[in-house]
Protein chains: 2
Amino acid sequence: MRNISSNRFDDGRDGTVRISDVARHAGVSPSTVSYVLSGKRSISETTRRRVLDSIDALGYRPHAGARSLASRRSNVLALVVPLREDVHVPVAMRFAVSVVTAARDHDHDVLLLTQGEGPAGLRRVAGSALVDGVVVMDVETDDARVPVLRSLGLPSVLIGVPADTGGLTCVDLDFAAAGSACVDHLADLGHRDIAFVGQPASVYGRRTGFAERTLAGFESAARRRGLRATFHPCDPAGAGGLASALVRDRPGLTGLIVHNEASLAPLLDAFAGHGRVPPEISVVALGPPPPGVPELTRVELPAEELGARAVSLLMDRIEGPERPGVTLLEPRIVPGGSTAPPAG
Amino acid sequence: MRNISSNRFDDGRDGTVRISDVARHAGVSPSTVSYVLSGKRSISETTRRRVLDSIDALGYRPHAGARSLASRRSNVLALVVPLREDVHVPVAMRFAVSVVTAARDHDHDVLLLTQGEGPAGLRRVAGSALVDGVVVMDVETDDARVPVLRSLGLPSVLIGVPADTGGLTCVDLDFAAAGSACVDHLADLGHRDIAFVGQPASVYGRRTGFAERTLAGFESAARRRGLRATFHPCDPAGAGGLASALVRDRPGLTGLIVHNEASLAPLLDAFAGHGRVPPEISVVALGPPPPGVPELTRVELPAEELGARAVSLLMDRIEGPERPGVTLLEPRIVPGGSTAPPAG
DNA sequence: CCCGGTCGTCGAAGCGCTTCGACGACCGCT
DNA sequence: AGCGGTCGTCGAAGCGCTTCGACGACCGGG
C-alpha cells in the first residue's frame, strides 16, 4: 500500500476533494485519474485499483461544472412535463419517474422543465449547455415546441407523435394497434356487435392524435373482422344517457371498448343500473386502471417502458450520429375479469 | 451605435457565443460583461445598455458549467419527490410544479431526484456541486434522509416535519390548526355533536405525523368548544359499515370531518343510502377535492404556496447564514355547499 | 490647486476537469 | 541486436466564466 501524501494535505481547506488530491494520494497524475474514471485510455489494472481505492478513501466526486466545461457534456437530461389538466397525472408521474430512473442508469441526472416555460425553457437549457438532451412528454399533433427543437440542434426525443416527424425521434404506444387489439380480443371471444366509447367529441381531430389513431385502429379491425361496430364520443356527464341509449337501441350489443378514463366509472354504473354488469357485457378499457373499478380487461399504457425507451434513444442520439425515426410500442392486453364470450 | 468587430468573428465556429464575443461586440472587456450580468459592481448606464444590446444581438447564454465552476454556484436546486403509493399523486405534482416555477423566479433550475436513490442521491448531487440546495418533499417523522442532510452541509428545506427539527428548515401546513379550524367551523354553525373520520388505523402513530397532528387539533378544539366529538379511523372498505354504525348509534350527530381522501366518496354514498346527504348532515373534508364529489366545504392543502415558500426559504439559506426553523402555514377553510347549521 | 475618495473599467489569475501530444518501457519480430 | 509498435502514463493547454486587485478619471472639500 503506497500512501505518499500525508492526510493533512488530502482534504482541501473547504472539505471538497479535487482530482489532484486523488492523484497525489494514489501517486499518479491527475490525467491518469481522469482516464480511470472515463475509461477513455487503457490503464493498468494495478494503477486502476490504486486510483479507485484512493477515490473512495477520500470520497472524491468530480465537480459537475468543471467536468461539463472541459468535456462539453453536462450529463444532465431535461424532461418537459405537461401541465395541462387533461393529462392523467399519475400516468405522467410514472413517466417522469421512469425517465429519471433510466437516466440514472446512463449516468445522467434529470432537469425538470414545465410546459409553462415553453420554447423559452428549451432555448435556455440548450444555450447554456445545461443539458445534453431533452425528453418532451405529451407532444401534440401541432406542437409549438417541435419547430424549436428542430432549430435548436439539441438532441431530443418526443413521447407522442406530431404531425410532421421529419428529423425527429419519437416514441409512443402504437394506439392504432391498441384499438385493433381490443377489437380482436372481443372478436376472438365471439362477439359480433360492439361499441367504442371514446373521448369527448371535442378531442377528435383536435390535438393529441392518439385518440384518432386509436379510433382508426378500432374501425379498421372491426371492418376486417366483419363486426357490427359503432363509435360514440362521451364525457362523464353524458355517460348515463349513452348507456341508456345503447341498451335501448342495441339489444344485440355484447362488447364495449372504452377509451375514456373519466367516463368509465359512471358508464359502468349506468350499465349496471340496466342490469348489465361485466362480464355479462364484455368491457375492455384503454388506459390506466381507474381507482375503485376492479380488474377490468384492458390495454395498459406502458409508461415505464416508454420512459426507458425514450432515454435510451436519447442517449444514442447524444453519443452517435442522429438517426431519427418513430418507435411505436406494441400494446399488450391485460386480462381482467371483464371480458368473456357473449351469452347465448 | 458602435459595432467594432465584424460579424464574421462574432459567431464562434460551433455556433455558441462566448462572453468574449459579447465583450468584443460591445467594445468592453469580458469582466465588464460579467459585471453587467451579475450586478456585482456598478456599471455606467451607457455601458450596461450597450452590453445588454450585444447580448441579445448575439443571443448569448452563459455556459452553465463554466459559470458554476467559477462562481461555485450552479443555480440549480434539487427536488426530491416521493414515490410511495400512499401520497396523493396530483398533489405531489402540484408541489413539484410550484417548486419549479418558484425556482425559475429565483433564476434557478430544478433537478429531479426520486426517493429511489435515497441518501445516495443527495450525497451525489451535493458532492459534485450539481446543486446549490435541495427541497425534500414528504418528510416522515423518522426520515432516513434527515441525518444525511444534516451531515451534508447542503442547504435544504423540508416539506413536512420530522421528529427532530434541530438545525433544519421545514415548511408544512399547520395540520393541528386545520383540525381545529374544521371543529370551529362546525361549532360556529351551531353543531354540538360531531365525528372525525380519519385515516386507516395503521397510519396513526406510524410515520407522517400530519395525521396525528390533525387529530390532536380536532380533539383540543372539540374540548375547548365543549362538543360531543368522537374519532373513527377508517379505510375505504370499512366506510359503509362506519356510516351505518354512526347513523344507528349517534342520532344526534350533525357534523362530519373527514380526513381521508380515499374513503370520502364511499362514506358519502353510504350516508346518502341512509337518507342523509349534505348539507342536511354537514361534512368538512380535509384534503384535495376528490374527483366526482362536488363542492365540499374543505380545508385545502396549499401546495402552490408551500412550494413557493420552500423555495424562498431555501434561497435565503443559500445566500445568507443558516437560520433554521419550522414554518407552519395557516389553513384556510374553503366554503362549499356541504355545511350548514344543524336542522332543528 | 491639490488630495483623498468613489466610480467604472480592465487584465489576469484561477475554478477543477478533460484531452491531446509526447514519451519511456516493454513486447515480439526479423 | 535492432527496430517498429503497443501500452501506460504524464504534462500542459485549455474549456468559459467570475472575481480580485489595480488603475485612470472624475468629483468635491479644504
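Quick caveat: nothing in here was measured; it's all calculated off a predicted structure. Every heavy atom of this structure was used, including side-chain atoms; hydrogens, water molecules and symmetry mates were not. Each chain gets a letter, A, B and so on, in the order its sequence line appears, and its residues count up from 1.
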Considering all heavy atoms, the nearest Asp132(A)-Asn75(A) contact: OD2-N, 2.7 Å
Closest-nucleotide 5' rank along DNA chain C - winner of Pro30(B) and Ala70(B): Pro30(B)
Short side-chain donor-acceptor distance under 3.5 Å, Ser44(B) and Thr47(B): yes
5' precedence on DNA chain D between Ser44(A) and Arg67(B) (nearest-nucleotide basis): Ser44(A)
Nearest-nucleotide pick for Pro62(B), side chain only, options being dC17(D), dG16(C), dT9(C): dC17(D)
Under-4.0 Å side-chain N/O to phosphate OP1/OP2 contact, Lys40(A) with dT19(C): yes
Presence of donor-acceptor pair under 3.5 Å, side chain of Ser31(B) and base of dG11(C): yes
Nucleotide dT9(C), atom P - distance to CZ of Arg24(B) in whole Å: 19 Å
Protein-nucleotide distance (Leu69(A), atom CG; dG14(D), atom P), rounded to Å: 14 Å
Per Ala66(B) side chain, nearest of listed nucleotides dC15(D), dC17(D), dG11(D): dC17(D)
Chi angles and distances behind the salt bridge (charged side-chain N to carboxylate O under 4.0 Å, His left out) call for Arg104(B), Asp109(B): CA-CA 6 Å; Arg104(B) 290 300 311 137; Asp109(B) 270 289; 3.7 Å; yes
Residue matched to dC3(C) through Watson-Crick or wobble contacts both under 3.5 angstrom: dG28(D)
Between dC10(D) (P) and Ile19(A) (CD1): distance, integer Å: 12 Å
Verdict with reasoning, Arg150(B) to Asp164(B), per salt bridge (charged side-chain N to carboxylate O under 4.0 Å, His left out): CA-CA 11 Å; Arg150(B) 249 192 275 264; Asp164(B) 173 9; 3.6 Å; yes
Touch class at under 4.0 angstrom, heavy-atom based, for Ser34(B) against every strand present: base
Leu122(B) and Val134(B), any side-chain heavy atoms less than 4.5 Å apart: yes
Nearest to side-chain heavy atoms of Thr47(B), which nucleotide of dC10(D), dC17(C), dT9(C): dT9(C)
Separation of atom CG in Leu58(A) from atom P in dG16(C), rounded to whole Å: 15 Å
Opposite nucleotide pairing with dG28(C), Watson-Crick or G-U, both atom distances under 3.5 Å: dC3(D)
Atom pair distance, as rounded to whole Å: CG in Leu130(A) and C1' in dG16(D): 14 Å
First encountered from the 5' end of DNA chain D, between Gly65(B) and Thr32(B): Gly65(B)
Derivation and outcome, side-chain hydrogen bond (donor to acceptor under 3.5 Å, both in side chains), residues Ser98(B) and Thr101(B): CA-CA 5 Å; Ser98(B) 71; Thr101(B) 308; over 6 Å; no
Base dT9(C) paired with Arg41(B) side chain (donor-acceptor, <3.5 Å): yes
side-chain N/O Ser71(A) vs dT18(C) OP1/OP2, d < 4.0 Å: no
Side-chain donor/acceptor of Tyr35(A) to base of dC20(C), under 3.5 Å: yes
Atom-pair distance (CZ on Arg73(A); C1' on dG16(C)), nearest Å: 19 Å
Proximal nucleotide (of dC10(C), dC7(D), dG16(C)) relative to the Ser42(A) side chain: dC7(D)
Gap between atoms CD1 and P, on Ile55(A) and dC17(C) respectively (whole Å): 10 Å
Euclidean distance, atom CZ of residue Arg18(A) to atom C1' of dT18(C) [Å, nearest integer]: 17 Å
Selection from dA22(C), dC15(D), dC17(D) that lies nearest to any side-chain heavy atom of Arg72(A): dC15(D)
